[in-house]
Structure formats: C-alpha cells, structure tokens
Amino acid sequence: WLSKLLHLYARLPALHRQDDEQESFEWLDKDSSGRCIYAWRRRCVGCPNIVMVINASTQRKLGYHVTIGKDAGRRWRCAAATSIDDAPPQETLEIGYGAARFEVDLAGCAAQLWVEEDADQLADDHARIRVELRHSATSAGDSVRLVGVGEALGDWCPEDGKA
C-alpha cells in the first residue's frame, strides 16, 4: 500500500502541488453522524482531482455516497485501495450528467484513492479515433471497412474489419 501511494504521489500532481494554498484541499465528509468515514478532495490547476475516502471503523459501509459537486468530472477511477477483508472496489465509475456524487462500498479499516479522469481521456484500453473517407470512386452500396491490429479490427483482414 505504501509503495503504491508513493508511486501515485509522484505521478499525481494534485497530491503534492499547491500544498500551501487553501483551494488545493476540500473536506467532502469529516465524520458526519459519527460514522468514522472521512473524505476529502485534493486539486491543483490543470490536474485531475483526487478524492480520498477512509473508513476508520471496523464495520463495512455499503453504498456510501461520495459527494463531489456538480462541477466535478463524470468519470472516476480507483487508483489505489486497501482493506482488511480484501474486497476491491469497482475500478471505474461513470457519473450521470448533473450528478454531484458517486457511490462506493467501503470495507472496514480501509482507504480508497479515486482519480478524476478528464472527459477527453479514456481508459488505457480505449482510444478515440476519427476516420474521414475521401475517395471519389466509392458509390452507394460499396463496403468500407476499418482494419488494424487486434481482433476488434479484424487483424488486418478486410472481411473481418469494422464496417
């Protein structure tokens, strides 16, 4: 856990930049109702937000709502998690338009570190491409296929490519 955190500390600027500025830290939950759950957001200009959620009780908390505000991103990825019962959280969460929170299950004595993913940034196994076809010899009824490396793109076989 410590090794993972140190790696993330170096990789995620919101964890270490602007430490002396009030805007870089925001309490999201500071133990309301005696639940022993703490959540805060770290941010810096031009960097993805970080949300840290800690369940300091020994009791599992199902369906805990992390309130992040309507200005936060729609996609969050769990970059690190620890728990005494080894129950890993969902890796990526999609938040509906206008939603101001997401929901997680928290194991007892556990912590989760969530990273906001930029709206234009996709997961490592996805890419956004734009294809523009400029060929005057094509006509209605012709088949145009996108091919490339991997099964999803037909492994360079035109018959198996994406139509």
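This chain uses plain numbering: 1 for the first residue, then up along the sequence.
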*Is there a donor-acceptor pair under 3.5 Å between the side chain of Gln112 and the backbone N or O of Val51?*
no
*At their closest point, which heavy atom of Ser24 faces which heavy atom of Arg17, and how far apart are they?*
CB-O, 4.3 Å
*Inter-residue atom distance Cys109.SG - Gln59.CD, 0.5 Å rounding*: 9.5 Å
_Looking at every non-hydrogen atom in both residues, tell me the closest pair between Ile54 and Trp40 and how far apart they are._
CD1-CH2, 3.5 Å
*Can you run down the salt bridge (Lys or Arg N to Asp or Glu O under 4.0 Å) pairs that involve residues 39-54, sequence neighbours left out, and say none if there aren't any?*
Asp19-Arg42, Glu26-Arg41, Glu26-Arg43
*side chain to side chain contact (heavy atoms under 4.5 Å, CB included) against His65, all qualifying residues, sequence neighbours excluded*: Arg101, Glu103
*Looking only at non-hydrogen atoms, find the nearest pair between Cys47 and Ala14 and report the distance.*
CB-N, 4.4 Å
*Between Val115 and Leu12, what is the shortest heavy-atom contact and its length?*
CG2-CD1, 3.7 Å
*Answer yes or no: is there a donor N or O on one side and an acceptor on the other, between the side chain of Asn55 and the main chain of Ala107, under 3.5 Å?*
yes
*Nearest heavy-atom neighbours spanning Ala56 and Tyr38*: CB-CE1, 4.0 Å
*asked:* Which label fits Trp76 and Phe102: parallel for a plane angle under 30°, tilted from 30 to 60°, or perpendicular past 60°?
replied: tilted
*With sequence neighbours excluded, tell me which residues meet side chain to side chain contact (heavy atoms under 4.5 Å, CB included) with Glu21.*
Gln18, Glu23
*Met52 pairs by side-chain contact (heavy atoms from CB on, under 4.5 Å) with which of Val66, Leu28, Leu113?*
Leu113
*Would Val45 end up clustered with Leu15 when hydrophobic side chains under 4.5 Å apart are linked, directly or stepwise?*
no
*Report yes or no: do Tyr64 and Asp29 form a side-chain donor-acceptor pair below 3.5 Å?*
yes
*asked:* Side-chain heavy atoms nearer than 4.5 Å, only ILVMFWY residues, links allowed to pass through others: does that put Leu62 and Val53 together?
replied: no
*Give the minimum heavy-atom separation between Arg145 and Glu159, together with the two atoms involved.*
NH1-O, 3.9 Å
